[in-house]
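One structure is given here, and the rest of the page talks about it.
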Amino acid sequence: METRKVQVTGGSTYTVSIPKTWATDNDVEAGTEIEFHPDGDSLFLTPRSEEERTRGTLDISDLSGQALQRAVTTMYVSGFDVIELEAAEITTEQRSTIRDAVQSLVGLEVLEETRDRVVVQDLLDSSELSIHNAVTRMRLISLSMLEDALAALTERDHDLARDVIGRDDDLDRLWLVVSRIFRATLRTPKAAEELGLPREECFDYHSSARQLERIGDHATKIAHLTLNIDDPLPDDVVEAVNDLHGDAVEVIDTAMDALFDDDTEAATRRANEARTGVRAIDERVRSIDEVLRDLDPTRAQLLGLVVDSVLRSADYGGNIAETALQKAAPTP
């Protein structure tokens with residue numbers, strides 16, 4: 001850390017020098033424009049960049065299948081606007097994988113394709129992105145997936161179960177958008193400025209979005225289990241699972257309301273209500289386990305996995321409530 005004294009020039013202008021080492025490392029010299037970004041009681045400065053879009057190049061010669069798809073996804077989440085994928089000769093299989101990866105990510109399009117190069121670009125206007133809207137959408141999708149997964153289980157509706165499984169891709173796309181936005185706020189103060197949110201709040205949204213994505217995963221798990229059920233379920237089991245689902249949804253909704261509430265007192269009250277609800281659900285699960293013991297072992301095990309997924313979804317709601325409490329707490 002280096003320190004500098006603030007000086008006054010011209011009678012009313014405050015000036016401060018910048019460290020020469022930092023200036024040299026960042027190509028700052030006489031005449032270079034510097035951007036200042038206020039953030040509470042801090043002030044971030046960065047050299048003004050003429051290049052608005054960040055470019056990244058990746059050699060994919062040794063990548064294929066899931067490894068290649070993960071590589072494209074990682075570059076997207078890391079914040080590259082233009083992704084150049086290169087190899088001596090890009091195979092047909094690699095091109096197909098790249099297209100699958102692009103289709104699974106919001107805003108990406110293939111702009112250029114040659115024998116040895118594929119260029120992918122993010123066409124979304126960053127000013128149109130909203131982490132709040134993305135998380136709100138994730139909330140709606142994850143809860144509808146959980147509701148429909150349990151409806152499919154109760155009614156043994158395999159078509160509805162497959163529909164739930166398909167919706168998980170939509171949830172994953174939104175999760176990656178939230179991750180991309182959040183990482184952008186860590187990389188540059190300008191991104192947080194454009195969002196109009198403090199970086200701490202972006203972290204809270206990112207953390208909660210992860211919990212919603214996991215709820216979607218458990219809804220998908222229930223849907224997959226439903227595909228293995230052909231015989232009707234006992235009425236007392238159906239009623240118990242539906243009651244458990246209602247309690248879990250109440251926890252998640254209350255926690256999300258607390259997260260979005262700007263009134264700190266109301267947010268704290270709601271978050272604590274959600275945490276209390278999680279403890280009540282733990283008690284309900286123990287009573288359901290008693291009912292499952294009367295079933296044959298195979299069916300009891302399968303339904304036990306369903307109950308566990310609903311319980312874990314409520315636990316994720318409890319995690320969101322913890323985040324809401326931190327968001328509502330006084331800041332130092």
Side-chain angles (χ1 to χ4, degrees), residues 21-22 24-28 46-129 131 134 138 141 165-192 194-195 199 202-203 206-207 209-210 212-214 216-217 220-221 224:
T21 302
W22 178 86
T24 302
D25 291 343
N26 291 277
D27 298 323
V28 174
T46 178
R48 186 178 181 86
S49 175
E50 297 297 331
E51 178 62 46
E52 292 295 329
R53 305 191 70 79
T54 56
R55 306 178 71 91
T57 302
L58 180 66
D59 184 350
I60 63 171
S61 301
D62 299 324
L63 297 177
S64 61
Q66 289 188 351
L68 176 54
Q69 187 155 4
R70 281 195 298 269
V72 176
T73 301
T74 299
M75 295 192 76
Y76 170 83
V77 172
S78 295
F80 290 106
D81 298 310
V82 180
I83 303 171
E84 300 175 357
L85 307 171
E86 299 178 345
E89 183 174 354
I90 300 178
T91 67
T92 301
E93 180 184 352
Q94 285 177 315
R95 294 178 191 280
S96 176
T97 300
I98 292 169
R99 282 193 291 272
D100 289 342
V102 168
Q103 290 172 5
S104 69
L105 300 169
V106 175
L108 282 194
E109 294 288 344
V110 175
L111 289 191
E112 180 183 333
E113 196 168 350
T114 63
R115 183 180 64 84
D116 59 353
R117 187 166 177 262
V118 175
V119 178
V120 178
Q121 181 171 329
D122 176 26
L123 299 181
L124 278 182
D125 183 351
S126 59
S127 64
E128 295 178 356
L129 296 176
I131 194 169
M138 288 185 70
I141 293 176
I165 295 169
R167 271 182 271 167
D168 192 45
D169 291 338
D170 297 332
L171 195 62
D172 289 343
R173 275 193 286 269
L174 285 168
W175 159 240
L176 292 172
V177 167
V178 171
S179 298
R180 177 179 169 87
I181 296 172
F182 172 62
R183 289 183 66 88
T185 65
L186 296 180
R187 189 173 61 255
T188 167
K190 185 176 181 180
E194 290 177 347
L195 283 175
R199 283 184 294 178
C202 291
F203 172 79
H206 177 263
S207 175
R210 180 58 172 154
L212 295 172
E213 191 268 340
R214 288 171 174 167
D217 286 344
T220 302
K221 180 180 179 180
H224 278 295

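Values reported hereafter were calculated over all heavy atoms of this structure, with side chains retained and with hydrogens, waters and symmetry mates removed. Residue numbers run from 1 in the order of the sequence given.
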Write down the atom of V77, the atom of S179, and the distance for their closest heavy-atom approach. CG1-CB, 3.8 Å

With D122 via salt bridge (charged side-chain N to carboxylate O under 4.0 Å, His left out) - residues at least two apart: R180

Any idea which heavy atoms bring A71 and L58 closest together, and the distance? CB-CD2, 3.7 Å

Those residues that, when tested against S64, pass side-chain hydrogen bond (donor to acceptor under 3.5 Å, both in side chains) (two or more places apart): none

Spatial distance of atom CG (L176) from atom CD1 (I181) [nearest 0.5 Å]: 11.0 Å

Measuring from atom CG of L108 to atom CD1 of I98, what distance do you get when rounded to the nearest 0.5 angstrom? 12.0 Å

For the student: nearest non-hydrogen atoms of L123 and E109, plus distance: CD1-CG, 3.3 Å

Euclidean distance, L63 CG relative to L85 CG, rounded to 0.5 Å: 9.0 Å

Sorted by chain and residue number, the side-chain hydrogen bond (donor to acceptor under 3.5 Å, both in side chains) partners of D169 (sequence neighbours excluded) come out as none

By side-chain hydrogen bond (donor to acceptor under 3.5 Å, both in side chains), which residues pair with T24, not counting sequence neighbours? none

dist Q66:CD -> T73:OG1 (nearest 0.5 Å) comes out at 10.5 Å

Please list, chain by chain and in numerical order, all residues satisfying salt bridge (charged side-chain N to carboxylate O under 4.0 Å, His left out) with R99, sequence neighbours excluded. E113

What's the shortest heavy-atom distance between Q94 and S61, and which atoms? NE2-O, 4.1 Å

Partners meeting salt bridge (charged side-chain N to carboxylate O under 4.0 Å, His left out) with R173 (sequence neighbours left out): D170

Rounded to the nearest 0.5 Å, the OG1 atom of T220 sits from the CZ atom of R214 at a distance of 14.5 Å

Which pairs, with at least one residue in residues 59-71 and sequence neighbours excluded, count as a salt bridge (Lys or Arg N to Asp or Glu O under 4.0 Å)? none

Residue list, side-chain contact (heavy atoms from CB on, under 4.5 Å) with F80, at least two apart or on another chain: T54, M75, S78, I83

Partner residues of R210 under the side-chain hydrogen bond (donor to acceptor under 3.5 Å, both in side chains) criterion, sequence neighbours left out: E213

Quick one: does T185's side chain have a donor or acceptor within less than 3.5 Å of a partner on F182's backbone? yes

I141 CD1 to L212 CG distance, which is reported to the nearest 0.5 Å: 10.0 Å

Not counting sequence neighbours, which residues clear side-chain contact (heavy atoms from CB on, under 4.5 Å) with S207? List them please. T323

Under the side-chain contact (heavy atoms from CB on, under 4.5 Å) test, residues paired with V178 that sit two or more places apart: I131, A134, V135, M138, H206, A209

Min side-chain heavy-atom separation T92-S96 under 4.5 Å: no

For I60 and A87, the nearest pair of non-hydrogen atoms, with its separation, is CG1-CB, 4.1 Å

Could you list the residues that satisfy salt bridge (charged side-chain N to carboxylate O under 4.0 Å, His left out) with E84, not counting sequence neighbours? R55, R117

